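As a basis for the values below, the full set of heavy atoms in this structure was taken, side chains included, without hydrogen atoms, waters or symmetry mates. No experiment lies behind these values; they were computed from the predicted model shown.
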Amino acid sequence: MNNTKLQKIYAEAGRLFNQNGYANTKMAEIAKASGIAVGTMYSAFTGKDAVLSFVIYATLDKDYLSSEISFPIKPIESPKLIALLTKVIDNVFGSVLNITDDKGKLCKDFIILMEELFDLFADYLLAFDNIEKNAGILEELSELYWPQKLAYFEKLGEHLRLYMEYGQIRKFTHVSSHVLFLTNTLTWWALNSNLSIPNEPIPRDTAKEICMGILKRAYQI
């Protein structure tokens with residue numbers, strides 16, 4: 001199987017698992033959406049569990065789909081997935097959400113943070129959402145993911161208060177609601193718009209430009 005077909009399976013399986021859940025997604029549906037025969041799906045993967053772990057792995061490891069892949073693809077071991085997810089989370093809190101210097105002074109502008117979060121979601125949201133949607137199947141990943149998601153919400157709220165203090169964004173109350181709004185807006189344009197309307201894909205750069213324009217008008221003074 002060539003990389004183009006494998007990329008198509010990755011995209012369609014990720015979308016179907018995300019929208020319908022693991023239990024409600026059939027191998028035949030993935031095959032049909034990917035434009036291949038059901039028999040080809042079973043030649044490429046040992047089963048549906050292998051397809052789900054393949055989606056998570058290929059999202060977290062950007063080099064995987066262009067590497068030498070052996071068939072049939074078996075379920076990826078949990079330790080490998082956990083290691084990759086941990087690496088991404090460490091980058092989120094060690095770099096993306098790091099907006100102050102060693103002295104506690106602001107060193108990353110609001111829009112820069114929003115741009116970096118957009119890129120984060122565009123790169124990894126397919127894995128995040130599938131872990132969340134299919135927690136019963138991906139229990140170990142879910143146990144790692146959920147506390148970090150809550151920590152992200154808390155940290156982003158702290159950052160919004162700091163941005164208001166520095167006068168970078170307009171003042172508002174109900175910070176938690178704004179955290180959800182910002183996250184939903186970023187994730188919609190970063191990935192979910194294309195998952196919801198797959199026949200009219202929006203190029204990443206265009207989606208980012210639209211998203212940043214919305215946030216600038218909504219929050220900057």
Inset, instruction - Measure the CG-CG distance between L117 and L156 for me, rounded to the nearest 0.5 Å. - result: 6.5 Å

Inset, instruction - Go through K216 and F110 one step at a time and tell me if the side chain to side chain contact (heavy atoms under 4.5 Å, CB included) criterion holds. - result: CA-CA 9 Å; K216 285 177 182 178; F110 171 73; over 6 Å; no

Inset, instruction - Would you name the heavy atoms of F121 and Y152 that are closest together and state the gap between them? - result: CZ-OH, 3.8 Å

Inset, instruction - Sequence neighbours left out, what passes side chain to side chain contact (heavy atoms under 4.5 Å, CB included) with E165? Give chain and number order. - result: L162

Inset, instruction - Give, for atom CD1 of I82 and atom CD1 of I89, the distance between the pair rounded to the nearest 0.5 Å. - result: 10.5 Å

Inset, instruction - Working to the nearest 0.5 Å, report the span between CG of L65 and OG1 of T4. - result: 10.5 Å

Inset, instruction - Looking only at non-hydrogen atoms, find the nearest pair between N194 and I202 and report the distance. - result: OD1-N, 2.7 Å

Legend entry - Inter-residue atom distance E158.CD - L97.CG, 0.5 Å rounding: 10.0 Å

Legend entry - Residue pair V92 / Q148, side-chain heavy-atom distance below 4.5 Å: no

Legend entry - Whether R15 side chain and L126 backbone form a donor-acceptor pair below 3.5 Å: no

Legend entry - Considering all heavy atoms, the nearest V55-N130 contact: CG1-ND2, 4.1 Å

Legend entry - Side chains of M114 and M212 in contact at under 4.5 Å (non-hydrogen atoms): yes

Inset, instruction - Sorted by first residue and then second, give each salt bridge (Lys or Arg N to Asp or Glu O under 4.0 Å) pair with at least one member in residues 21-39; sequence neighbours left out. - result: none

Inset, instruction - Tell me, please, which residues at least two apart from Y42 pass side chain to side chain contact (heavy atoms under 4.5 Å, CB included). - result: M27, V38

Inset, instruction - Ignoring hydrogens and angles, tell me if any N or O in the side chain of S34 forms a donor-acceptor pair with the backbone of I30 under 3.5 Å. - result: yes

Inset, instruction - For the pair H159 (side chain) and I99 (backbone), establish whether a donor and an acceptor sit closer than 3.5 Å, ignoring hydrogens and angles. - result: no

Legend entry - Least distance between heavy atoms, P75 atom then S53 atom: CA-OG, 3.4 Å

Legend entry - Which residues share a salt bridge (charged side-chain N to carboxylate O under 4.0 Å, His left out) with D119, sequence neighbours left out: R204, K208

Legend entry - CG on L125 to CZ on F118, rounded to 0.5 Å: 10.5 Å

May I have the list of side-chain donor-acceptor pairs in residues 171-181 shorter than 3.5 Å, sequence neighbours left out?
| unit_1 | atom_1 | unit_2 | atom_2 | d |
| --- | --- | --- | --- | --- |
| K171 | NZ | M164 | O | 3.4 |
| H178 | ND1 | Y219 | OH | 2.7 |

Inset, instruction - Determine whether F54 and L6 make a side-chain contact, defined as any pair of heavy atoms from C-beta on separated by less than 4.5 Å. - result: yes

Legend entry - Those residues that, when tested against K87, pass salt bridge (charged side-chain N to carboxylate O under 4.0 Å, His left out) (two or more places apart): none

Legend entry - Nearest heavy atoms of F93 and A151, plus distance in Å: CZ-CB, 3.8 Å

Inset, instruction - Nearest 0.5 Å please: distance from the CD1 atom of I73 over to the OH atom of Y57. - result: 11.0 Å

Inset, instruction - Scan for side-chain hydrogen bond (donor to acceptor under 3.5 Å, both in side chains) pairs involving residues 65-82, sequence neighbours excluded, and state none if there are none. - result: S78-E140

Legend entry - Which residues share a salt bridge (charged side-chain N to carboxylate O under 4.0 Å, His left out) with E115, sequence neighbours left out: none

Inset, instruction - List for me each residue that meets side chain to side chain contact (heavy atoms under 4.5 Å, CB included) alongside A44, sequence neighbours excluded, and say none if there are none. - result: M1, F71

Legend entry - Donor-acceptor under 3.5 Å (K62 side chain, D123 main chain): yes

Inset, instruction - Using the side chain to side chain contact (heavy atoms under 4.5 Å, CB included) rule, take S196 and W188 through it: C-alpha gap first, then chi angles, then the decisive distance, then the call. - result: CA-CA 9 Å; S196 300; W188 167 258; 3.5 Å; yes

Inset, instruction - Would you check if D109 and I112 make a side-chain contact, meaning some heavy-atom pair closer than 4.5 Å? - result: yes

Legend entry - side chain to side chain contact (heavy atoms under 4.5 Å, CB included) partners for A127, two or more places apart: I56, T59, L60

Inset, instruction - Without swapping roles, check the side chain of S142 against the backbone of A135 for a donor-acceptor pair under 3.5 Å. - result: no

Inset, instruction - Without swapping roles, check the side chain of Q19 against the backbone of L195 for a donor-acceptor pair under 3.5 Å. - result: yes

Inset, instruction - Give a yes or no on whether the backbone of G14 and the side-chain of N18 come within a donor-acceptor separation of less than 3.5 Å. - result: no

Legend entry - Smallest separation among heavy atoms of P72 and S43, with atom names: CB-O, 3.5 Å

Inset, instruction - Would you indicate whether the side-chain heavy atoms of T187 and D129 approach each other to under 4.5 Å? - result: no

Legend entry - Backbone of T25 reached by a side-chain donor or acceptor of K48 within 3.5 Å: yes

Enumerate, atom names and distances included, each donor-acceptor pair closer than 3.5 Å involving a side-chain atom of residues 100-108, sequence neighbours excluded.
| unit_1 | atom_1 | unit_2 | atom_2 | d |
| --- | --- | --- | --- | --- |
| D101 | OD1 | K103 | N | 2.8 |
| D101 | OD1 | G104 | N | 3.0 |
| D101 | OD1 | K105 | N | 2.9 |
| K108 | NZ | S95 | O | 3.0 |
| K108 | NZ | V96 | O | 2.9 |
| K108 | NZ | E116 | OE1 | 2.7 |

Inset, instruction - Answer yes or no: is there a side-chain heavy-atom contact under 4.5 Å between L85 and Y124? - result: no

Legend entry - Close side-chain approach of L215 to L182, heavy-atom, < 4.5 Å: yes

Legend entry - Note, T183 side chain near F153 side chain (heavy atom, < 4.5 Å): yes

Inset, instruction - Hey, could you give me each pair passing ring pair (Phe, Tyr, Trp, His ring centres under 6.0 Å) that has a residue in residues 1-20? Not counting sequence neighbours. - result: F17-Y22

